[in-house]
Number of protein chains: 2
Amino acid sequence: MSNTLGVRQAQKQKTRQALLEAGLGLLEEQSLSSLGLREVTRVVGVAPAAFYRHFRDIADLGVALVEESLGSLHVMIRAVLSEQADAEEVIDRSVEVVAAHVRLHPAHVRFVARERHGGVRAVREAIAAELARFGDEVAEALATQEVSDGWSAEDVRMLAGLYVDHLVMTASAFLEAAPEEERRIADTARRQLRLISLGRGHWRDA
Amino acid sequence: MSNTLGVRQAQKQKTRQALLEAGLGLLEEQSLSSLGLREVTRVVGVAPAAFYRHFRDIADLGVALVEESLGSLHVMIRAVLSEQADAEEVIDRSVEVVAAHVRLHPAHVRFVARERHGGVRAVREAIAAELARFGDEVAEALATQEVSDGWSAEDVRMLAGLYVDHLVMTASAFLEAAPEEERRIADTARRQLRLISLGRGHWRDA
DNA sequence: GAGTTCAGTTAACAACTGTTTGCCGGATGA
DNA sequence: TCATCCGGCAAACAGTTGTTAACTGAACTC
């Protein structure tokens with residue numbers, strides 16, 4: 001790790017980060033396709049023209065936000081899935097981790113859920129690509145478990161997809177929920193995962 | 001059905017419908033929160049001020065679009081679920097119906113998927129409410145099936161939620177897919193439903 | 001220490017936005 | 001037939017938008 005950047009590059013990355021954070025903040029009450037360049041620079045306290053030193057577009061800023069938002073996800077669930085444990089424990093742990101992640105990075109989660117099907121193609125595609133990579137990783141982890149013996153690669157991948165979609169839906173549900181609803185949502189998510197896990201266990205009988 | 005409206009009301013509903021369709025069309029490449037009132041009236045070929053004769057807001061137009069988009073859904077799946085048949089047949093039929101619905105009303109499907117987590121609160125809530133109603137109906141249908149004997153109402157409802165989320169995800173996947181990918185998507189959707197159905201069948205053992 | 005690089009500034013551009021006001025003219029109902 | 005209703009219009013409002021150009025001055029290179 002050589003973080004010995006010159007003073008100039010350090011400052012540049014600082015304002016770049018400020019632009020990203022300002023954008024993310026503004027996106028809590030609107031969609032990316034309505035986010036204004038001037039709006040963002042105004043929050044940061046920088047001239048509109050300065051924006052172009054960092055991003056070509058608002059869409060470009062959006063793509064950068066995708067990487068920032070989904071980068072941490074990989075480490076997150078990887079850790080959960082790798083600990084070889086009882087299925088029930090893995091489920092409980094997964095839902096806890098998702099809930100914690102939402103509590104820690106609500107804006108990032110909202111951004112992904114919102115722009116996954118949002119109005120900006122480049123961002124949609126970036127999210128799709130990142131979630132596909134994530135799905136591949138989950139599939140890889142699932143494949144090593146003994147429950148997956150005799151499963152085709154395709155079937156493992158479709159199960160991973162089911163998990164990924166469920167994760168995003170659950171995260172988004174946590175996000176919009178009032179604090180007192182969190183337990184109910186966690187409970188539903190756990191039961192749904194349990195049902196899927198049950199189906200997984202009986203897949204070979206077909 | 002008394003569709004004997006006066007000439008005036010008929011004309012009004014006609015332009016109202018034109019506004020809705022213009023909005024829906026424009027929303028194929030942007031989000032509701034960036035949709036402009038003038039943009040919509042320009043497409044219809046009507047003065048900007050005329051918009052206020054029909055809607056208070058763009059958000060208001062969005063809410064109207066929600067009803068239009070999700071109204072037909074109820075009849076759709078109801079028909080599928082009510083025909084008491086083999087589980088496998090119901091799955092095949094469901095995926096077919098979803099694919100057909102997407103092919104027939106792509107803009108409506110895109111609108112729902114996009115604005116479900118979109119930047120306009122009122123629309124988000126309208127979609128959530130409508131999908132909740134839909135989930136309740138599905139739960140009701142599921143409850144009458146013999147597979148659900150011994151299930152708590154909550155468990156039936158969580159299964160219905162799983163189905164509804166899966167339906168929306170599948171519809172959205174069809175939407176963004178190239179024609180040659182449709183078969184693969186349909187195949188994955190069917191296998192996922194089969195796995196869920198399998199888990200459903202073994203739920204009592206817990 | 002002189003010369004270059006470059007993140008950020010200032011200022012101006014035309015184009016666009018939502019909303020209001022007063023008006024028109026055809027449908028409506030007595 | 002006449003007065004009322006009311007969907008749509010034209011025009012103007014103050015603000016906002018993205019993008020460009022030429023600039024300043026501190027950090028960099030040699």
Side-chain angles (χ1 to χ4, degrees), chain A residues 2-27 29-65 115 118-123, chain B residues 2-27 29-65 115 118-123:
Chain A
S2 68
N3 44 359
T4 53
L5 299 179
V7 178
R8 233 212 208 117
Q9 296 226 8
Q11 254 305 330
K12 179 167 186 182
Q13 289 215 348
K14 208 168 161 186
T15 54
R16 185 191 136 101
Q17 194 57 34
L19 287 169
L20 287 170
E21 281 172 21
L24 198 58
L26 289 164
L27 284 175
E29 352 197 295
Q30 62 182 307
S31 306
L32 186 67
S33 77
S34 69
L35 183 61
L37 165 167
R38 291 183 105 104
E39 215 176 338
V40 177
T41 58
R42 195 183 308 128
V43 171
V44 176
V46 93
F51 183 88
Y52 296 102
R53 300 287 184 204
H54 302 275
F55 306 101
R56 188 195 328 265
D57 258 343
I58 278 290
D60 196 24
L61 178 142
V63 172
L65 277 177
E115 300 304 330
V120 182
R121 154 156 308 169
V123 170
Chain B
S2 69
N3 44 359
T4 53
L5 299 178
V7 179
R8 236 216 205 113
Q9 297 227 9
Q11 253 307 328
K12 180 168 185 181
Q13 291 216 346
K14 208 168 161 186
T15 54
R16 186 190 137 102
Q17 194 57 35
L19 288 169
L20 287 170
E21 282 172 20
L24 200 57
L26 289 164
L27 285 175
E29 353 199 294
Q30 63 182 307
S31 305
L32 186 67
S33 77
S34 69
L35 183 63
L37 166 165
R38 291 182 105 106
E39 216 176 337
V40 177
T41 57
R42 193 182 309 127
V43 171
V44 176
V46 93
F51 183 89
Y52 296 101
R53 302 286 184 205
H54 303 275
F55 306 102
R56 187 197 327 266
D57 258 344
I58 278 290
D60 196 24
L61 177 141
V63 172
L65 277 178
E115 300 304 330
V120 182
R121 154 157 309 174
V123 171

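In what follows, every heavy atom counts, from backbone to side chain, and hydrogens, waters and symmetry copies are set aside. The structure displayed is predicted, hence computed values, not measured ones. In what follows, every chain begins at residue 1, and chains take the letters A, B, ... in the order their sequences are listed.
A donor-acceptor pair is defined here as one N or O able to donate and one able to accept, closer than 3.5 Å; such a pair exists between the side chain of A:S31 and the backbone of B:G119. No donor-acceptor distance shorter than 3.5 angstrom exists from the side chain of A:S33 to the backbone of B:S34, with no hydrogens or angles considered.
Atom OH of B:Y52 is separated from atom P of C:dT17 by 12 Å (rounded to the nearest Å). In this structure, CG of A:D57 is placed 16 Å from P of D:dT17, rounded to the nearest angstrom.
Shown here are the side-chain hydrogen bond (donor to acceptor under 3.5 Å, both in side chains) partners of B:Q11, two or more places apart in sequence or in another chain: there are none. Applying the side chain to side chain contact (heavy atoms under 4.5 Å, CB included) test to A:A18 and every residue at least two apart in sequence or in another chain returns A:V44. Remark: A:Q17 engages A:L20, A:E21, A:E68 in a side chain to side chain contact (heavy atoms under 4.5 Å, CB included) (not counting sequence neighbours). Every residue was checked against the side-chain hydrogen bond (donor to acceptor under 3.5 Å, both in side chains) condition with A:Q13, not counting sequence neighbours, and none meets it. With sequence neighbours excluded, no residue forms a side chain to side chain contact (heavy atoms under 4.5 Å, CB included) with A:R8.
Near-neighbour residues of DNA chain C inside residues 30-39 of chain B, defined by a heavy atom below 4.0 Å, number-ordered: B:G36, B:L37, B:R38. Non-hydrogen atoms lying under 4.0 Å from DNA chain C are contributed by A:V46, A:A47, A:A49, A:A50, all within residues 40-51 of chain A. Within a heavy-atom distance below 4.0 Å of DNA chain C, the residues of residues 11-25 of chain A found are A:K12, A:T15.
Stem list for DNA chain C (at least 3 consecutive Watson-Crick or G-U pairs, distances under 3.5 Å): C:1-12 with D:19-30, C:14-17 with D:14-17, C:19-30 with D:1-12.
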Sequence-aligned protein contact record of nucleotides 22-30 of chain D, with B where the base is within under 4.0 Å of a protein heavy atom and S where only the sugar-phosphate is: ----BBS--
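Remark: A:L24 CG to A:L65 CG distance equals 5.5 Å, nearest 0.5 Å.
Considering every non-hydrogen atom in both B:E115 and B:L32, the closest pair reads OE2-N, 2.9 Å. Considering all non-hydrogen atoms of both residues, B:L37 and B:P48 come closest at CD2-O, 3.9 Å.
Pairs of residues two or more places apart, or lying in two chains, that qualify as side-chain hydrogen bond (donor to acceptor under 3.5 Å, both in side chains) and include a residue from residues 37-49 of chain B are B:Q30-B:E39.
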Please output the side-chain donor-acceptor pairs of residues 52-63 of chain A that fall under 3.5 Å, not counting sequence neighbours, one pair per line with the distance.
| from | atom 1 | to | atom 2 | distance (Å) |
| --- | --- | --- | --- | --- |
| A:H54 | NE2 | A:T15 | OG1 | 3.3 |
| A:D60 | OD2 | A:R56 | N | 3.1 |

